[in-house]
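Structure first, then comments.
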Amino acid sequence: MGRGKLRIHLGAAPGVGKTYAMLSEAHRRVERGTDCVVAFVEHHDRPRTEALLHGLEQVPRRELEHRGAVLPEMDLDAVLARRPQVALVDELAHTNVPGSRNAKRWQDVEELLAAGIDVLSTVNIQHLESLGDVVESITGVRERETVPDEVVRRADQIELVDMAPEALRRRMAHGNIYQPDKVDAALSNYFRLGNLTALRELALLWVADRVDAHLQRYRSEHEVSAIWGSRERIVVGLTGGPEGRTLIRRAARLAEKGAGGEVLAVYIARGDGLTAASPKELAEQRSLVEDLGGTFHHVVGDDIPAALLAFARGANATQIVLGSSRRKTWQYVFGPGVGATVARDSGPDLDVHIVTHEEIAKGRGLPVARGARLGRSRRATGWAVGVAGPALLAVLLSAVDPGLANDMLLFLALTVAAALVGGLWPALASAVAGSLLLNYFYTPPLHTWTVSDPRNIVAIVVFVAVGAAVASVVDLAARRTHQAARLRAESEILSYLAGNVLRGETGLEDLLERVRETFGMESAALLERADDVEPWTCAGRAGRGRPVERPEDADVDVPVGDHMALALTGRVLPAEDRRVLAAFAAQAAVVLDRRRLREEADRARALAEGNRIRTALLAAVSHDLRTPLAGIKAAVSSLRSEDVDWSPEDTAELLASIEEGADRLDHLVGNLLDMSRLQTGTVTPLIREIDVDEVVPMALGGVSEGSVVLDVPETLPMVAADPGLLERAMANVIENAAKYSPPGVPVLVAASAHADRVEVRVVDRGPGVPDEVKDHIFEPFQRHGDAPRGAGVGLGLAVARGFAEAMGGTLDAEDTPGGGLTMTLTLRAAAAERPEPVPAAEPERQLS
């Protein structure tokens, strides 16, 4: 049985027609004979949506009781038992009622998919977890119900249900989305034209990014090398010179002209060392391009134009931005330059922009390292000088006769020129050809291959030796220059990489992506296995090439220890590149080890925290809980004793002692349970609009009458909070204040409104708390100063702060003017929490 397929209808805002589109798709499938059922769909009293439910089988819902209300939920077990081909599940980001099998509806959907059932679902763009901050900055509303982006990305199909903001507002005004009494508030708040336009752009861009990822995967799988201009991607070629910042800004402006444009800045470190770029300048340019929303890439390539074009085509770029050359006019004799070469070889699918700047024709300002292994054109020129040059010189010297010594010097100069231009072998050819011509034309007897004077023989031998020596020196210098330039390029990349790795700024996948880019490979993977008989597993992978399961299947593999290897696909690398690749492999192993150490440290930290909590809990049980238990047992034993005839007053006193001990036990156990809920993250507040003046008086049950003075005006705005959690938090704070307040001095509980929040201050006149320990008093099992053991286990304030933060508020401690401590509980006003009485999502229960 295979996994089911997920199709999501994605919208920018409520009311665009996601549920309508989903139901329409279900009807089309039913007409084709597909077994479809409605697992859970909310029509929200919209007539047209409700009409589409007719004719579709609906699985009865499961009803759950929560806080005195009966709420319907999807019956997951019933759907699994029914086993349809397709199930319709509305509102993917919905939070299930407490008591359901899963906390979130998308987790229910995962179970349906795992059972082989296809699912049609809906979600709004504002419910994606990664966009929460962006949506809040646009609408002013923080979405409490979210779904992980990865869940939506894994969907087999995503259909964008789009509607123009103006049309959506007209639908709202006609009453097709919300009830008439909610329309005005919605149109003036969440459904403002600017909000809807921004949300629509978010939805379009998110879907476009996902489509682009599919396109890249398709191009990789089908080995498509031609550029498809589906969106503007602009590659900026950087040399490390000061003009780079101008090029980056120009490319950013070009990208802004097209929706979804990208900027990719690339610096190519030539193996033969064309320039020595300034690391500081490159760092500044990297920072600039990232600030402008682009990416920076560092690539090694012997042929800069070819490497730049290969990178652009690999990234499916549509434009290349280069700067006008900084070379002097006379330097063009050595070639047309990178810009002209790229423009010539770019083809019809790549536009090349040559951008002017202030550094034109001012010289590179950087040392030029002549080639490594000499280029093809340079070697051809050397052979022409070495072979044809002696013949031409002989023709010129036939008209004049400067003498044998001068003839030899001229031929020697030609040999040196051939060595400088073409290296060793053209120079040797020039030396041999020159010696033969000197012997035949200028050494007596003329026009014969014999030499009559022994001194001339010595001169010709010396001539050949000098030519060979000069050629060897020139060739060796060229090789050393190549090696130095290549080592410089390698060291730049490795030093940058090592710095990032040591600072922990590079993850394993980022490092593998850097390896792939640097060597121009299709994919890079780090493989490992436990021992020689176990199969290889992939610890990390980058690129879209074919997956590699064993090092032997890769084009290049570098072992890292006995049971780890770096595997690359794409091409076979030369031996000289393997040294750098081995360093990359070692760095990858270090990154992997550090990631695992960090995970182990996190687990150890969690275990240590759990052990600390358990140790403190045992201490609390062993002493703080035993004390009231001992008092209760002693009182009960006294009352049951037949040896003593207790008076009514004594009996009442013993019963009061039992009641007091039981109250202490109830309070301690309640705090312990609340703390365990906070530690395990199972606190699920039910946020709604409440009045502070209704909740605070209910929190005074644990303190004696007259020990608290209330100043909570009835005119305060309503707050967004859970009544139960707010009451427990206030009770703990008030009891703590009463405990430390001097006898006869009541605790003041005052509330006031400030902008979009409401503050409740609990003021005592006790000894106060030093500034350095104000945060520590909110930690579990902390008691300040000389508080007696019977004062509690130190959980009251920790529970209060945990409940406050669970409701989106804060609890802080500050000094009371004149002495004492003031606890300030801050909650968001309901108007700030929800700028309209209609929730931002589909009108549904808001549970988190």
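All residue numbers refer to positions in the sequence shown, counting from 1.
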### Query
Hey, mind stepping through N102 and E111 against side chain to side chain contact (heavy atoms under 4.5 Å, CB included) and telling me if it holds?
CA-CA 10 Å; N102 298 310; E111 289 198 34; 3.0 Å; yes
### Query
CD of E145 to OG1 of T95: how many Å apart, nearest 0.5 Å?
4.0 Å
### Task
Using a 4.5 Å cut-off on heavy atoms from C-beta on, say whether the side chain of L508 contacts that of L512.
yes
### Electrostatic pair E166-R170, nearest N-O below 4.0 angstrom
no
### Query
Is any side-chain heavy atom of I320 closer than 4.5 Å to a side-chain heavy atom of S346?
no
### Message
Quick one, R200 with D162, criterion salt bridge (Lys or Arg N to Asp or Glu O under 4.0 Å). Give me CA distance, side-chain angles, the key distance, then yes/no.
### Response
CA-CA 8 Å; R200 187 188 190 199; D162 189 32; 2.8 Å; yes
### Message
Quick one, L568 and L566 - any side-chain contact, counting heavy atoms below 4.5 Å?
### Response
yes
#### Entry: Sequence-distant partners of S121, side chain to side chain donor-acceptor pair (under 3.5 Å), two or more places apart
none
### Task
Using the test ring pair (Phe, Tyr, Trp, His ring centres under 6.0 Å), find all partners of F311 that sit at least two apart in sequence or belong to another chain.
H297
### Query
side chain to side chain contact (heavy atoms under 4.5 Å, CB included) between H43 and T19: does it pass, once the steps are laid out?
CA-CA 8 Å; H43 56 75; T19 305; over 6 Å; no
### Query
Looking only at heavy atoms, which two atoms of G17 and R171 are closest? And how far apart?
N-NH1, 4.0 Å
### Summary
All heavy atoms of E509 vs all of R595, minimum pair found to be OE2-NH1, 3.6 Å
### Check: H127 and E91 side chains under 4.5 Å, non-hydrogen atoms
no
### Query
What pairs with R48 under side chain to side chain donor-acceptor pair (under 3.5 Å), at least two apart in sequence or on another chain?
none
### Query
So how far is it from H94 NE2 to T122 OG1, rounded to the nearest 0.5 Å?
11.5 Å
### Query
Have T139 and N195 got a donor and an acceptor in their side chains that come within less than 3.5 Å?
no
### Query
For Q85 and D118, does a side-chain donor sit closer than 3.5 Å to a side-chain acceptor?
no
### Message
Would you say CD of E549 has more than 12 non-hydrogen atoms from neighbouring residues, nucleotides or ligands within 6.0 angstrom?
### Response
no
### Message
Within the 4.5 Å heavy-atom criterion, are L128 and V152 side-chain neighbours or not?
### Response
yes
### Message
Quick check for you: to the nearest 0.5 Å, what is the distance between R192 atom CZ and I138 atom CD1?
### Response
11.0 Å
### Query
L350 versus L309: any side-chain heavy-atom pair under 4.5 Å?
yes
### Summary
All heavy atoms of A251 vs all of V321, minimum pair found to be CB-CG2, 4.2 Å
### Query
Should Q319 and L254 be marked as a side chain to side chain contact (heavy atoms under 4.5 Å, CB included) after you check the CA-CA gap, both sets of side-chain angles, and the distance that decides it?
CA-CA 9 Å; Q319 302 180 56; L254 288 174; 4.0 Å; yes
### Pair listing, salt bridge (charged side-chain N to carboxylate O under 4.0 Å, His left out) test, anchored in residues 51-64, at least two apart
E42-R61, E57-R82
### Counterpart residues, side chain to side chain donor-acceptor pair (under 3.5 Å), relative to S130 (two or more places apart)
D149
### Query
Okay, side chain of R83, backbone of I117: is any donor-acceptor separation there less than 3.5 Å?
no
### Query
Are side-chain N/O atoms of T569 and S523 paired as donor and acceptor at under 3.5 Å?
yes
### Task
May I ask you to test the V289-V263 pair for a side-chain heavy-atom distance under 4.5 Å?
yes
### Message
Whether the N96 and D108 side chains hold a donor-acceptor pair (N or O, under 3.5 Å, no angle test) is what I'd like checked.
### Response
yes
### Task
Quick one: list whatever passes side chain to side chain donor-acceptor pair (under 3.5 Å) with E136, sequence neighbours left out.
R142
### Query
CG/L6 to CH2/W106 distance, rounded to the nearest 0.5 angstrom?
12.0 Å
### Task
Give the minimum heavy-atom separation between K104 and R144, together with the two atoms involved.
NZ-O, 4.2 Å
### Summary
Of all heavy-atom pairs linking D555 and G570, the shortest is OD2-N, 2.6 Å
### Task
Run the salt-bridge test on R516 and E522 with the 4.0 Å N-O cut-off and return the result as yes or no.
no
### Summary
Minimal heavy-atom distance between A585 and V560, with the atoms involved, is CB-CG2, 3.4 Å
### Task
Find the distance between CZ (F191) and CG (L199) and round it off to the nearest 0.5 Å.
9.5 Å
### Task
In sequence, state the C-alpha distance, the side-chain angles, and the governing distance for R3 and E110, and then conclude on salt bridge (Lys or Arg N to Asp or Glu O under 4.0 Å).
CA-CA 10 Å; R3 179 179 171 86; E110 287 293 320; 2.9 Å; yes
### Message
As a quick check of understanding, evaluate side chain to side chain contact (heavy atoms under 4.5 Å, CB included) for I8 and L92, giving each step before the final call.
### Response
CA-CA 9 Å; I8 293 178; L92 188 64; 3.8 Å; yes
### Query
Can you find a heavy atom in the side chain of V141 that is under 4.5 Å from one in the side chain of V135?
no
### Task
Spell out, as yes or no, whether a donor-acceptor pair under 3.5 Å connects the side chain of T197 to the backbone of L193.
yes
#### Entry: Exam field: side chain Q107 to backbone A103, donor-acceptor pair closer than 3.5 Å
yes
### Message
Using 0.5 Å steps for rounding, measure from the SG atom of C36 to the CZ atom of R29.
### Response
6.5 Å
### Message
The test is salt bridge (Lys or Arg N to Asp or Glu O under 4.0 Å); show your working for D593 and R596 and say whether it passes.
### Response
CA-CA 5 Å; D593 288 341; R596 288 175 174 169; 5.1 Å; no
#### Entry: Test item: side-chain donor near acceptor, E25 and H9, under 3.5 Å
no
### Message
Quiz question: by atom type and distance under 3.5 Å, do the side chains of K18 and N124 form a donor-acceptor pair?
### Response
yes
